[in-house]
Amino acid sequence: MLQKTASSSYAQMLLAWYDRHHRELPWRTSPAMAAKGKRADPYHVWLSEVMLQQTTVQAVKPYFLKFLAAWPSVTDLAAAPVEDVMAAWAGLGYYARARNLKKCAEAVANEHGGVFPDTEEGLKQLPGIGDYTSAAVAAIAFNRQAAVMDGNVERVISRLFAIDAPLPGCKPAMKAKVAELTPADRPGDFAQAMMDLGATICTPKRPACALCPFNGHCLALAHDEPERFPVKAAKRAKPVRLGAAFVAVNASGEILLRRRIDSGLLGGMTEVPTTAWTARLDGGTDQSHAPFVADWQATGVIVHVFTHFELRLNVYRAQVPGGLQTGPDDGWWEPVTNLDAQALPTVMKKVIAQAIPSAFNESRKFR
DNA sequence: TAAACGTGGTG
DNA sequence: TCACCAAGTTT
């Protein structure tokens with residue numbers, strides 16, 4: 001009998017824990033099917049992993065099911081109008097992911113015969129797939145011995161070895177540790193187990209160390225300070241930006257919408273006309289930036305917090321004549337009853353709900 | 001390398 | 001309330 005190395009014993013401990021605490025998720029193969037050698041569908045794994053970037057499992061579940069119902073295969077997604085994909089993604093955030101999702105599906109359909117590359121390197125060439133996602137898909141869908149490291153894994157590793165160096169600088173060293181621990185057998189389960197452990201046991205605050213399979217080996221716990229890890233670099237303060245948004249309603253019960261440019265913040269998503277979002281309002285005459293002259297009524301202020309700034313928008317509403325025309329580049333009139341089908345990011349739903357409280361079934365959510 | 005990039009849940 | 005932060009990638 002070969003002597004087990006220390007590294008493989010960590011993997012064995014974790015996999016034993018995983019087999020007892022496996023979570024049912026829509027994109028996972030059930031343990032019974034996995035026992036028969038059935039691997040998860042690469043399309044499902046990829047779609048879920050992209051959605052899960054910086055996003056919680058709870059938020060992703062309904063979106064994943066919706067996408068799978070609308071586009072059962074990667075070739076279906078490749079053939080879909082990009083507007084439909086953006087509308088389906090609306091509310092999930094980080095919209096560059098949706099734009100890249102579409103590009104990636106097209107690349108797989110048109111350049112790879114509808115089949116995902118089965119290596120980390122091949123996957124990483126595709127749009128929207130970086131270090132983490134390429135490793136995750138390679139390990140989970142293709143059984144490759146890839147080192148998968150996300151925020152959960154960083155936390156587990158940093159505590160297990162009490163790594164004092166701050167993130168993100170120590171990432172390469174931590175990734176080397178993960179590579180050392182990743183087993184040749186069941187690398188995909190190992191990766192998912194590490195992430196599950198970080199999500200459910202080795203949590204950022206008040207980790208449940210009593211339930212952790214590593215609690216006899218964790219250096220952070222041995223020093224009685226698991227919450228001190230991972231050490232992170234200080235972040236910058238969040239500035240405030242101001243602006244005004246204009247909800248125009250015509251006699252047909254339609255509102256004026258327009259499409260944002262494809263790049264940058266909320267790229268390719270739908271919005272109502274707004275001023276620029278700047279540190280100061282221009283002389284307080286923000287109504288002069290309205291899309292046209294009308295009897296604009298102030299309805300209130302909405303606040304929305306983005307990753308790197310807080311936005312406060314004065315929301316104006318105006319009732320306009322039915323025959324009002326706008327320039328061809330100024331957007332289109334959309335029935336208020338059809339807003340759910342639009343690619344409206346949450347901040348814009350807040351704006352519209354402020355001006356028209358009955359606009360959405362769940363308008364309360366946007367206050 | 002550091003900044004840009006959304007949203008919702010949590011303690 | 002509010003800072004933190006989540007299965008990161010791109011530029």
Side-chain angles (χ1 to χ4, degrees), chain A residues 23 25-28 40 44-64 86 89-101 103-104 123-137 139-141 146-156 167-169 171-172 175 178 188 190-200 202-207 227 230 232-239 241 260 262-269 271 277 303-311 343-350 362 365-367:
Chain A
R23 288 198 293 170
L25 295 172
W27 45 87
R28 283 188 177 168
H44 298 188
V45 175
W46 163 73
L47 180 59
S48 66
E49 290 301 343
V50 172
M51 288 183 167
L52 286 162
Q53 290 167 8
Q54 298 287 285
T55 310
T56 57
V57 166
Q58 182 181 339
V60 165
K61 273 183 186 173
Y63 284 87
F64 177 81
M86 300 306 288
W89 194 277
L92 200 54
Y94 282 146
Y95 299 99
R97 291 185 297 172
R99 302 193 297 271
N100 285 329
L101 191 80
K103 288 183 196 162
C104 183
L123 287 160
K124 205 178 163 184
Q125 301 304 311
L126 295 165
I129 298 185
D131 286 337
Y132 162 77
T133 305
S134 58
V137 174
I140 297 167
V148 177
M149 191 170 75
D150 72 333
N152 288 304
V153 177
E154 288 172 4
R155 190 166 53 255
V156 171
L167 285 169
K171 265 193 183 186
K175 177 121 179 190
V178 177
F190 175 82
Q192 293 178 91
M194 287 287 277
M195 295 190 282
D196 278 10
L197 187 70
T200 65
C202 194
T203 49
K205 292 179 182 169
R206 297 179 61 82
E227 288 189 44
K232 295 192 174 181
K235 356 177 132 55
R236 301 191 329 170
K238 194 167 287 193
R241 292 190 199 170
R260 293 176 64 87
D262 279 318
S263 59
L265 187 69
L266 306 176
M269 298 296 283
E271 66 174 5
W277 304 344
V303 178
H304 190 78
V305 182
F306 291 99
T307 303
H308 54 296
F309 67 93
E310 175 182 314
L311 178 64
L344 290 166
T346 295
V347 61
M348 286 301 148
K349 289 188 173 180
K350 281 187 186 176
E362 303 176 311
K365 274 178 55 179
F366 306 119
R367 280 210 274 272

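On a predicted model such as this, the values are computed, not experimentally measured, just so you know. Letters A, B, ... mirror the listed sequences (proteins, then strands); counts begin at 1.
Two residues, Val305(A) and Arg236(A), neighbour DNA chain B, and the one matched to the more 5' nucleotide by heavy-atom proximity is Arg236(A). In this structure, Leu266(A) and Gln58(A) both approach DNA chain B, and ranking their closest nucleotides by distance from the 5' end singles out Leu266(A).
Side-chain proximity of Tyr95(A) to the nucleotides dC5(C), dT7(B), dC5(B) is greatest for dT7(B). Across dC5(B), dA4(B), dG11(B), the shortest atom-to-atom separation from the side chain of Arg206(A) is found for dG11(B).
For the pair Leu167(A) CG and dT1(B) C1', the interatomic distance rounds to 15 Å; values are reported in whole Å. Computed from coordinates, the Trp89(A) CH2 to dG6(B) C1' distance equals 11 Å when rounded to whole Å. Counting to the nearest Å, the C1' atom of dG11(B) and the CD atom of Glu227(A) are 10 Å from each other. Atoms NZ (Lys238(A)) and C1' (dC4(C)) sit 9 Å apart, rounded to a whole Å. Going from atom CD of Glu310(A) over to atom P of dC5(B) covers 16 Å, rounded to whole Å. Residue Leu265(A) contributes atom CG, which lies 17 Å from atom P of dA3(B) at whole-angstrom precision. Between the C1' atom of dC5(B) and the CH2 atom of Trp277(A) lies a distance of 12 Å, rounded to the nearest Å.
Here His304(A) reaches the OP1 or OP2 of dT7(B): one of its side-chain N or O atoms lies under 4.0 Å away. Considering only side-chain N and O atoms, Lys349(A) lies nowhere under 4.0 angstrom from the phosphate OP1 or OP2 of dT7(B). Listed pair His308(A) / dC5(B) meets the phosphate criterion, a side-chain N or O lying under 4.0 Å from OP1 or OP2.
For Gly130(A) against Ser134(A), the heavy-atom pair with the smallest separation is O-OG, 2.7 Å. The minimum heavy-atom distance linking Ala135(A) with Ala147(A) is given by the pair CB-O, 3.4 Å. What you find for Pro127(A) and Cys104(A) is that their closest heavy atoms are O-CB, 3.5 Å.
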Under 4.0 Å protein heavy-atom contacts per nucleotide of nucleotides 6-11 of chain C, with B for base, S for backbone only and - for none: BBBSS-

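Backbone-only engagement by Gly91(A) is indicated by non-hydrogen atom pairs under 4.0 Å involving sugar-phosphate atoms exclusively. In this structure, Pro345(A) reaches the sugar-phosphate backbone alone: every heavy-atom distance under 4.0 Å involves primed, P, OP1 or OP2 atoms, never a base. Using a 4.0 Å heavy-atom distance criterion, Val148(A) is classed as making no nucleic acid contact.
Taking a cutoff of 4.0 Å between a charged side-chain nitrogen and a carboxylate oxygen, Asp196(A) and Arg28(A) qualify as a salt bridge. Glu310(A) has no carboxylate O lying under 4.0 Å from a charged side-chain N of Lys238(A), or vice versa, which leaves the two without a salt bridge.
A donor-acceptor contact closer than 3.5 angstrom links the side chains of Thr55(A) and Arg97(A). If you check the side chains of Gln53(A) and Tyr132(A), you find no donor sitting under 3.5 Å from an acceptor.
Between dA3(B) and dA7(C), the distance separating the two P atoms is 24 Å to the nearest Å.
In this structure, the ring of Phe306(A) has its center less than 6.0 angstrom from the ring center of His304(A).
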